[in-house]
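Down below is the structure, laid out as structure tokens.
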Amino acid sequence: MTPVLLAVVDWHEFFFMLFALIACVFALAVVFAANIVRMAFYLIISLGATAGLFFLAGAEFVGAMQLMIYVGGTLVLLIFGVMLTAQKSFVDLKVTGGEWVMAAIAGGSLLALLLYAAFQVEDWRRPLTAEQREELIVADDAYDAAHIGMAVLGVRVDKARQPDEQLQKGMSGYLLPFEIVSVHLLVVLIGAGYLARTKLSTRGVRTATDASRGNVALPFTVKALIYLGAIASIAAGVACFVLAGSISGAIGLNLACMYVVGGLFFMNVLLKLIVLARQKWAVSALVIVALLQAATLFWGGAGLLIAIGFAVVALLPIGLLIFLLCSGQRSVWSQME
Amino acid sequence: MNLAVFFDSVLAYMLPGWLASPLAYLLAAGIHLALLINVVAVGALVFIWMERKVSGRIQDRLGPTRVGGKFGWLQTLADGIKLIAKEDIVPKDADAFLFKLAPYISFAASFAAYIALPFSNGWVADSVNVGVFFILAVLGLEVFGVILAGYASGSKWSLFGAMREAAQVVSYEVPLGMCVVIPVFICGTMNPIAIANMQQGWFTNWLIFHDPATFLVFWVYFTCAVASVNRAPFDLAEAESELVAGFHTEYSGLRWSIFFMAEYGSMFLVSGLAAILFFGGWHGPIPVTSIIHWLVVDMGGNELGWSAPFWTWVANLIGCINFLGKGLLGVTVMMWVRWTLPRLRIDQVMTTCLKYCVPLAAACFLGAAFWTVSLPGLTLSKLVMLDKIFPANTYGEIREDWVEQAVERERIEAEEYGDDEEPELEEGADEVEVAAINGGEL
Amino acid sequence: MLLFAEVTVTHYMAVGAVLFVAGVVCMATKRNALGILMGIELVLNGANVNFIAFGSEYLREDSLGLDGQLMALFVIVLAAAEAAVALAIALNFYNNYATIDVDRADDLKG
């Protein structure tokens, strides 16, 4: 039984042409449209057709990701932006004729270059032969989400499929980029949320409450204490790093522990500078850092007495600082941020 | 036996070969397409009638009782005829092209997700490997129809309603995705057929009874699904007393009914997805497939001329009816909730999403992951010793074992290819075992 | 003619090239800041089409395999992140200058 209907049209070719035409035509429509809302709409269709192209090429997971993240997320965001800024005068911003000519020349030459490069390589113009196609159907299923998931966790389970030995050695997992991208997304989430927050419209009007918050000058004693403490911390930190070997040998400490304590001394300096910038949280962080240093010493092998002694010595100046900040009728502490 | 093959064998007697084959395929495709469209269209019809009856009973009245007999069966049909006959109004300030296009985009997104939704073992339009993800992704496209409708109506009330609804739908996609990922990683695959088949057997195999976190996650999923399809109590964007009627204020007649077909289609879709992910899909409280298998094969039914494919088809049909029943139950609960709870304000909707659903879903994610990794093979039914009465079948055991099997397969492959890199991480599906489980996968 | 031949990598590269060039022209000519952002999205999609084409088993015997798909995945994620930040910047600009026309952003002009 021969499925005539299925053979008369090469369905892969037909759907590729359909999706490719839609993607290209609507991408060009984005360029030539003047109305910003229509542009966004055409972009949605173009990216949806691109997702169809991804499905056709066998990248199902990436196609679904394109639909969910790009079309369903990024473009909704774009549409929100368009709606928020689409006042009557900004909906149709026209471009002058001269700019069109320059853009046409630049775009046209770039397109010619890219197409020439695409058609140049003979290997890329050769489709799969019939027996390669047979092999494809008989062999394993295509790459699915499990393979991608394991690759992202660092294990390339498709290593066995790579025939070339040299290339096989170079196939590595993608764990590091995955972690970097995760942290990157977190940073972008916080940053974009902060950038786009609604600000109170009291620009340029500094009221009395504004003046008293954040503008308070720290008294001289506090500043002197902080500077002295910073100098002492820098000296202690440098001593930790330079004399790490001898100190750890003398007391019997872990070498790594000395480095950690030295690093914490430097962090101490940074926190003191932040206290100078009148942030309240830095003061609590100073206390925590001192306790951390004591804990590191204890874990590194110093005795309990030494660790407690260190903590007491480190916390004394911080205690003095807090006392100075909180004293007085109108204390500095209440005016810090 | 394939429907197309069946038609071909029938038509081959009447028509010449070159005409019979394409005609057979077209007929088979047409029937499948008609079935799928009818789930949405006739489903919308039934759901609207059910909504009016359910709301009537909850409000201590009867609902439609006149058209088509004592229960008003044909009321929706009469409504449909009225809607078609209405005047087609396009407001003067509206962007006519986008205004007319918007309902179809909404409906297309809602209907396209049915491509990957299986109704029984192997009864799916296209068995997409990342099916669950695909369904979620396409459901998220429905918001474009809403935004376009709101913008193109040319009235600021529509725009406000559309923006609020878009913000709500997009925000609730986040906890929805997190809730969906939990059954996915318990089963190790995104293929909905495989996920449902792993819950074969008695109801104790259902994923909702796998661990307490998954049980909790089902309720979070249900809340997020109700919010995602803009049903009460999250329907301030389209309610009659808010912003006139939100984004579909200017829509009347057939265009409005297409919006509502999209909404009821989405409701059934998320209920069906919940059935597959948490309630075993087409595998019921009672293991019908095993019973039929035992009756037909073990009791020697073959001698009476019963053929195995026919009985598999019967088992699949019962499974399909089971699945439709579960979806219907989900939709009924959504309607029940609508007419019981008061509507939430937009800030309350956002608070629910960001302060309650997201942390709860994330905590349940951690809980379910911890349970699966540190207590593998332990389900709630084993905990309460219920599996002496309702034994977990081998598929349930395979699901609990896929971690070890994946590691084992990696070890074997590594030995074969002389790879000295040892796989430390074991989360991944084993496609050999998956293919073995869902024997009906296309 | 190439139009009726079997689909090869060259076909996908042609589509990628058209998307890329459309994006570049969009970035160059649009005065609306959000129009420029749309150009950026088109450029990234053109590159993604190329990656997927080279990573597809159906088009080439020795394809990139998973590497192509994973690169496209990372590009999608990073493009979403960058669109969010760019939109926040554009909104801030609109809030401060009451215009979204980038030709009017010339405070720092020499």
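Order of the sequence lines sets the chain letters (A, B, ...), proteins ahead of strands, with each chain counted from 1.
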Region of [X] that comes under 4.5 Å of a non-hydrogen atom in chain A:
X	value
C:Ala90	neither
C:Leu37	side chain
C:Asn48	both
C:Glu41	both
C:Val18	both

Original post:
Below 4.5 Å, heavy atoms only, C-beta onward: do C:Met71 and C:Leu64 meet side chain to side chain?
Top reply: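 Not touching, per the 4.5 Å side-chain cut-off.
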Look at [options] and state which one has the largest set of heavy-atom pairs under 4.5 Å with chain C.
options	answer
A:Leu115, A:Leu185, A:Leu78	A:Leu78
A:Phe19, A:Phe54, A:Phe32, A:Phe178	A:Phe54
A:Ala59, A:Ala103, A:Ala196, A:Gly81	A:Ala59

Subject >> Top of C:Thr29, C:Val49, C:Val85 for chain A proximity - count of heavy-atom pairs under 4.5 angstrom >> reply: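 Top count of heavy-atom pairs under 4.5 Å with chain A: C:Thr29.
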Subject >> Top contributor to chain A interface from C:Lys30, C:Glu82, C:Met13 [non-hydrogen pairs under 4.5 Å] >> reply: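 The option with the most such pairs is C:Lys30.
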**OP:** Check whether the ring centres of C:Tyr12 and A:Trp124 lie less than 6.0 Å apart, and answer yes or no.
**Re:**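 No, too far apart.
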Original post:
Do C:Tyr97 and C:Phe93 make the cut of ring centroids closer than 6.0 angstrom?
Top reply: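 Under 6.0 Å, so yes.
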Original post:
Looking at A:Tyr194, is A:Arg197 sitting on its ring face, NZ or CZ under 6.0 Å from the six-membered ring centre and within 45 degrees of the normal?
Top reply: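 Here A:Arg197 passes the 6.0 Å and 45° test against A:Tyr194.
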**OP:** Check whether any side-chain N or O of A:Arg156 sits under 3.5 Å from a backbone N or O of A:Ala151 as a donor-acceptor pair, and report yes or no.
**Re:**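 Looks like no, no N/O pair under 3.5 Å.
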Subject >> Flag, side chain of A:Ser46 to backbone of A:Val25, donor-acceptor distance under 3.5 Å >> reply: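 Such a contact is absent between A:Ser46 side chain and A:Val25 backbone.
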Original post:
Quick one: what part of A:Ala33 sits under 4.5 Å from any heavy atom of chain C, side chain, backbone, both or neither?
Top reply: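 Answer is backbone: N, CA, C or O of A:Ala33 sit under 4.5 Å from chain C.
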**OP:** Using the six-membered ring wherever Trp is involved, compare the ring planes of A:Phe16 and C:His11 and label them parallel, tilted or perpendicular (cut-offs 30° and 60°).
**Re:**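 Rings of A:Phe16 and C:His11: perpendicular, over 60°.
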